[in-house]
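Presented below is the structure to which this report refers.
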Amino acid sequence: MGQDKESTKDCIFTALTLLMEQKEYKYITVTDIARKSGISRMTYYRTYSSKEDILVQHFRKVAQQIVSDSQGNEEQALFLFFTWFQEHSKLTELLEQAHLMNLLIDCFSVFTDFLYGAIHSGENKQPEAEYAVRFEAGGLFSLLTHSLAEGAKESPEEMAQITLKIMRK
């Protein structure tokens with residue numbers, strides 16, 4: 001993908017998050033996003049199909065980057081995951097306020113697929129593996145939201161170790 005298109009996506013995402021700080025998500029319009037990001041509505045619709053699509057594409061990109069940066073190490077991947085969310089806690093709060101946290105589970109499927117494969121690599125791929133990945137994704141996001149709601153008392157390293165211990169049982 002071209003740098004210009006990535007730059008446009010970044011501007012649109014930033015505009016949406018800034019608008020989410022100013023008013024309720026459900027009241028943010030495409031016109032608001034286009035104005036705030038300095039693009040036309042046509043450019044917006046060439047790039048995204050909905051407001052949710054902005055978030056979905058952004059978080060899929062983040063998940064792919066975490067997997068790539070972890071270099072195949074599941075503990076490093078979890079560390080990067082928890083670090084990213086602690087560093088972006090304001091964004092997480094905005095997602096919670098807008099009742100959009102459920103988007104993250106689908107967006108991070110590449111991440112949970114990687115984790116499941118890394119943790120259970122010696123096991124045969126059973127027919128229920130797809131369900132197991134979804135189950136673990138739900139648990140991971142439950143741990144994440146609980147940790148953030150409690151003020152992220154544990155460090156990303158501690159959360160990675162806790163999560164691995166649970167997932168390996």
Side-chain angles (χ1 to χ4, degrees), residues 1-17 20 47-96 98-169:
M1 177 176 304
Q3 187 61 31
D4 288 342
K5 188 159 185 164
E6 279 304 311
S7 178
T8 299
K9 285 183 171 192
D10 290 343
C11 286
I12 293 170
F13 176 78
T14 300
L16 176 59
T17 57
M20 288 173 70
T47 311
Y48 296 109
S49 60
S50 67
K51 292 186 298 187
E52 290 79 12
D53 194 29
I54 298 168
L55 299 167
V56 166
Q57 286 190 38
H58 178 79
F59 289 117
R60 283 184 179 154
K61 181 178 156 186
V62 169
Q64 290 169 342
Q65 191 63 52
I66 289 172
V67 169
S68 175
D69 290 350
S70 71
Q71 300 177 344
N73 181 303
E74 64 267 22
E75 187 168 354
Q76 178 67 10
L78 285 163
F79 167 76
L80 293 171
F81 173 84
F82 286 107
T83 298
W84 193 92
F85 278 99
Q86 283 188 11
E87 289 173 353
H88 297 86
S89 61
K90 179 63 178 169
L91 177 58
T92 307
E93 289 174 27
L94 293 171
L95 292 172
E96 285 179 9
H99 307 288
L100 295 170
M101 286 297 284
N102 61 316
L103 287 177
L104 294 177
I105 293 175
D106 288 334
C107 297
F108 276 83
S109 63
V110 66
F111 178 73
T112 51
D113 285 345
F114 161 76
L115 279 180
Y116 184 84
I119 292 169
H120 304 285
S121 62
E123 301 174 15
N124 292 331
K125 293 282 184 190
Q126 306 102 354
E128 66 271 4
E130 184 177 335
Y131 292 104
V133 169
R134 304 300 294 169
F135 182 81
E136 289 184 355
L140 180 62
F141 279 94
S142 182
L143 286 174
L144 171 67
T145 55
H146 179 74
S147 171
L148 293 174
E150 294 294 313
K153 295 174 189 169
E154 294 83 9
S155 69
E157 295 92 347
E158 291 169 321
M159 286 305 300
Q161 292 168 358
I162 290 167
T163 305
L164 276 177
K165 187 174 181 180
I166 292 168
M167 291 176 88
R168 286 181 173 150
K169 285 185 177 184

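As a basis for the values below, the full set of heavy atoms in this structure was taken, side chains included, without hydrogen atoms, waters or symmetry mates.
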Say whether, by atom type as modelled, one donor and one acceptor occur between the side chain of Ser147 and the main chain of Leu143 under 3.5 angstrom. no

Begin with the C-alpha distance, continue with both residues' side-chain angles, and end with the deciding distance and a verdict on side chain to side chain contact (heavy atoms under 4.5 Å, CB included) for Leu115 and Leu140. CA-CA 10 Å; Leu115 279 180; Leu140 180 62; 4.2 Å; yes

Could you state the interatomic distance from NZ (Lys9) to OH (Tyr48), rounded to the nearest 0.5 Å? 5.0 Å

Are Val62 and Ile66 close enough that some pair of their side-chain heavy atoms sits under 4.5 Å apart? yes

Any heavy-atom pair between the side chains of Leu148 and Thr145 that's under 4.5 Å? no

Apply ring pair (Phe, Tyr, Trp, His ring centres under 6.0 Å) to Phe59 and Phe111, showing your working. CA-CA 11 Å; Phe59 289 117; Phe111 178 73; over 10 Å; no

Any side-chain hydrogen bond (donor to acceptor under 3.5 Å, both in side chains) involving residues 131-144? Give me the pairs, sequence neighbours left out, ordered by first then second residue. Asp106-Arg134, His120-Glu136

Step-by-step side chain to side chain contact (heavy atoms under 4.5 Å, CB included) determination, Leu95 to Leu103: CA-CA 9 Å; Leu95 292 172; Leu103 287 177; 5.6 Å; no

Do Phe81 and Leu144 touch side chain to side chain, with heavy atoms closer than 4.5 Å? yes

Side chains of Met159 and Leu78, heavy atoms from C-beta outward: is any pair under 4.5 Å? no

For the residue pair Ser70 and Leu80, what are the closest heavy atoms and their distance? N-CD1, 3.9 Å

Please tell me if the side chains of Met101 and Leu104 come closer than 4.5 Å, counting only heavy atoms from C-beta onward. yes

Taking Ser68 for its side chain and Gln64 for its backbone only, find out whether a donor-acceptor pair lies under 3.5 Å. no

How far does OG1 of Thr17 sit from CD1 of Ile54, to the nearest 0.5 angstrom? 9.5 Å

For a 4.5 angstrom cut-off between non-hydrogen side-chain atoms, does Glu75 reach Gln161? yes

Whether the side chain of Thr92 engages the backbone of His88 through a donor-acceptor N/O pair (distance < 3.5 Å, no angle test) should be reported. yes

I would like to know whether Phe13 and Leu55 meet side chain to side chain contact (heavy atoms under 4.5 Å, CB included); could you show each step before the answer? CA-CA 7 Å; Phe13 176 78; Leu55 299 167; 3.8 Å; yes

Between the CD atom in Glu157 and the CZ atom in Phe82, the distance rounded to the nearest 0.5 Å is 11.5 Å

So, using side chain to side chain contact (heavy atoms under 4.5 Å, CB included) as the criterion, who are the partners of Glu158 when residues are at least two apart? Glu154, Ser155

Kindly indicate whether the side chain of Asn73, heavy atoms from C-beta on, has any atom under 4.5 Å from the side chain of Phe79. no

Between OG of Ser89 and CD of Glu87, what distance do you get to the nearest 0.5 Å? 9.5 Å

When every non-hydrogen atom of Ile105 is compared with those of Gly138, the smallest separation belongs to CD1-CA, 4.3 Å

Could you check, using the six-membered ring where one of them is a Trp, whether Phe108 and Phe114 have ring centers closer than 6.0 angstrom? no

Once you round to the nearest 0.5 Å, how far does CG of Asp53 lie from NZ of Lys51? 13.0 Å

Salt bridge (charged side-chain N to carboxylate O under 4.0 Å, His left out) filter on Lys61, not counting sequence neighbours, yields Glu6, Asp10

First locate atom CG of Leu16, then atom CD1 of Ile12, and finally report the distance between them rounded to the nearest 0.5 Å. 10.0 Å

Exercise: identify the closest heavy-atom pair between Glu74 and Ala118: OE1-CB, 3.6 Å

